[in-house]
2 protein chains.
Amino acid sequence: MDSSNKKKRTRGRLSREMIEDAAFGVIEREGLAGFSMRKLAAELGCEAMSIYHHFPSQAHLHEALVDRLIGSLEMPDAGLPWRQRMHIAMHDFRRIGSEHPAFAPFLVTYRMNSPTCLAWLSGILGLFEAGGFGPELSARLFRTVGYYLMGAILDETAGYAKGPSAVTTVSDEQLARDFPNVAAAGRYFGAAEFDRTFDLGLDMLLDEMERALGGANSR
Amino acid sequence: MDSSNKKKRTRGRLSREMIEDAAFGVIEREGLAGFSMRKLAAELGCEAMSIYHHFPSQAHLHEALVDRLIGSLEMPDAGLPWRQRMHIAMHDFRRIGSEHPAFAPFLVTYRMNSPTCLAWLSGILGLFEAGGFGPELSARLFRTVGYYLMGAILDETAGYAKGPSAVTTVSDEQLARDFPNVAAAGRYFGAAEFDRTFDLGLDMLLDEMERALGGANSR
DNA sequence: AAATGAACCTTACAGTGTAAGCTGTCAAGC
DNA sequence: GCTTGACAGCTTACACTGTAAGGTTCATTT
């Protein structure tokens, strides 16, 4: 009789993990600005308000996504040389950005104050300290590579290569005529060059750091 | 008589410039997310839709703000040495970010395709080329310092020093106990250290660039 | 069997960007 | 001086947002 086939009311269906998974999906499909609790609910086959039983607000959900990504990172093997460990750690972080391009701008704007994020931050500081840098230089150099890393992720996921954003866009002809050096540089701004360009700058910074280290404790 | 003192209907009151000025004010007061066409209209003493006679959409308005800021930049005096010019240009860009901290995250996420922005981009590429770098290296090194610059602006305007963003924030006691190196580094993460830290990283990059230059054309 | 409480849904509200159309005002042409 | 038309700003309306408040259903414990 009552044939309530309208909805399979399987209870306890939702979980934080399921919601997070779906949220990544919606964000990558609709973009960060196009994300909404209602779209997420549609993806999950539930109502928007059901999500609020697992996350008290959209902000909490978004922060949980950051925690999820940062929490998946592991510090590189302590047996490896300092420089290699730093190189790996930077590439690891960059990878979680490139794996979630639409979410990446949120990731780099986020202020890392959760235990998970602080643990990662602490680990990176530890890499510098293990490399021989004192507390002050470790802090400042963390900032330096951090700036570079965040800027790189931002460009690679939301920058020039994603196409024009400006309303008054210049055509290719205009570009070639008015700004020939920009037109020529465009060849090196594409996604195909991301890896090489990133490593170029990262190696420059790490070179300088090793130099500072060599000067400090003479090899 | 007719005492229409309700509203001074001065015609042609609004202008793009006035609207932009007011928009900067609203953004800095309410934050980028708290900005809305209605709040902007309230600031201007008009209705929201009136703004659409001067800017076809909010996106157009925001992009105009970027153009306004970038357009205010001038390339450093061509008589100065290469490195000094680059230093000045980086600090100039950083300054427009720090002068509009709430707007800065939009500035660094923005894809610069307007003539104004391309002119700036072209100028910076020109600085590298004038410094002796070829087209490819100029492009890649522009990216390198650009990554660093954007990341720095992001942190200085919206980062750690602005306080916790995470929902599950750790207390100072927890921080000191569980992540003592982060607690110690906090001393160097505050706004008071921004200038020193920024110059440290920038000088590292410029040192490396000069080194590459010296190797290429032997002094 | 009754009660409890978690999980989920329904409704509602204030706020958003902006499309469509209206109105009052000023400048130019007769 | 009068008309006309364009322009600048206003009004209304719509689809959409996050989420507060409260209702409903069901699994579990007693």
Side-chain angles (χ1 to χ4, degrees), chain A residues 1-23 25-27 29-66 102-103 105-106 110 165 167, chain B residues 1-23 26-27 29-66 102-103 106 110 165 167:
Chain A
M1 300 292 149
D2 79 346
S3 79
S4 65
N5 58 358
K6 176 82 153 296
K7 210 162 249 173
K8 221 186 305 183
R9 306 203 75 287
T10 47
R11 210 161 167 87
R13 220 160 23 95
L14 297 175
S15 70
R16 286 178 64 100
E17 195 179 2
M18 278 179 54
I19 294 170
E20 291 166 9
D21 287 342
V26 173
I27 288 172
R29 200 176 61 239
E30 309 277 341
L32 198 52
F35 174 86
S36 81
M37 298 303 265
R38 285 175 174 84
K39 285 178 189 168
L40 175 56
E43 176 98 354
L44 288 162
C46 70
E47 296 299 316
M49 291 309 291
S50 304
I51 300 164
Y52 284 81
H53 261 273
H54 301 266
F55 296 94
S57 77
Q58 192 183 75
H60 284 72
L61 170 55
H62 279 154
E63 300 200 348
L65 298 184
V66 174
F103 186 63
F106 184 88
Y110 181 72
S165 150
V167 163
Chain B
M1 306 296 142
D2 78 347
S3 79
S4 65
N5 58 356
K6 176 84 153 294
K7 211 161 247 173
K8 222 184 303 179
R9 307 204 75 286
T10 44
R11 212 173 163 79
R13 217 160 25 95
L14 297 175
S15 69
R16 287 178 63 99
E17 195 179 3
M18 277 179 55
I19 294 170
E20 290 166 9
D21 287 342
V26 173
I27 288 171
R29 200 176 59 239
E30 309 277 341
L32 196 52
F35 174 87
S36 81
M37 298 302 267
R38 286 173 174 86
K39 285 179 190 167
L40 175 56
E43 176 96 356
L44 288 162
C46 71
E47 296 299 316
M49 292 308 293
S50 304
I51 300 164
Y52 284 81
H53 261 273
H54 301 267
F55 296 93
S57 78
Q58 193 184 76
H60 285 70
L61 170 56
H62 280 153
E63 300 200 347
L65 298 184
V66 175
F103 185 64
F106 184 88
Y110 180 73
S165 150
V167 163

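So you know, we letter chains A, B, ... as the sequences are listed, proteins then strands, and number each from 1.
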- prompt: Got B/H62 and B/I27 here, is their nearest side-chain heavy-atom distance under 4.5 Å?
  reply: yes
- request: May I ask you to list the residues of residues 32-40 of chain A, by number, that have any heavy atom positioned under 4.0 Å from an atom of DNA chain C?
  value: A/R38
Short side-chain N/O contact from A/H54 to OP1 or OP2 of C/dC8, under 4.0 Å: yes
message: Run A/H60 and A/S57 through side-chain hydrogen bond (donor to acceptor under 3.5 Å, both in side chains) and show every step you take.
response: CA-CA 5 Å; A/H60 284 72; A/S57 77; 2.7 Å; yes
field: Euclidean distance, atom NE2 of residue A/H60 to atom P of D/dA20 [Å, nearest integer]
entry: 11 Å
- prompt: Rounded to the Å, how far apart are A/H53 NE2 and D/dG23 P?
  reply: 14 Å
field: Gap between atoms CD and C1', on B/E47 and C/dG21 respectively (whole Å)
entry: 15 Å
- line: What one should report as the nearest heavy-atom pair of A/L61 and A/F35 is CD2-CZ, 4.0 Å
task: Would you mind reading off the distance between A/F55 atom CZ and D/dG18 atom C1', rounded to a whole angstrom?
output: 16 Å
- request: Round to the nearest Å and state the distance from B/R13 atom CZ to D/dG9 atom P.
  value: 6 Å
message: Distance check needed: C/dC9 C1' versus A/L44 CG, whole Å only.
response: 15 Å
query: What is the distance from atom OG of B/S50 to atom CG of B/L14, rounded to the nearest 0.5 Å?
result: 6.5 Å
- prompt: Tell me, do A/E43 and A/R29 make a side-chain contact under 4.5 Å, heavy atoms counted?
  reply: yes
message: Tell me the interatomic distance from B/H62, atom NE2, to C/dG17, atom C1', rounded to whole angstroms.
response: 12 Å
- prompt: Going from CD1 on A/I19 to CG on A/L44, what distance comes out if it is rounded to the nearest 0.5 angstrom?
  reply: 6.0 Å
query: Among D/dT12, D/dT19, C/dC9, which nucleotide sits nearest the side chain of A/S57?
result: D/dT19
field: Closest to the A/M49 side chain, choosing from C/dC9, D/dA8, D/dC10
entry: C/dC9
task: Figure out the CD/C1' separation between B/Q58 and D/dC16, and round it to whole Å.
output: 14 Å
task: Answer yes or no: is there a donor N or O on one side and an acceptor on the other, between the side chain of B/R16 and the main chain of B/H54, under 3.5 Å?
output: yes
- prompt: Where the side chain of B/Y52 is defined as all heavy atoms beyond and including C-beta, which of D/dC10, C/dT10, C/dT18 is the nearest nucleotide?
  reply: C/dT18
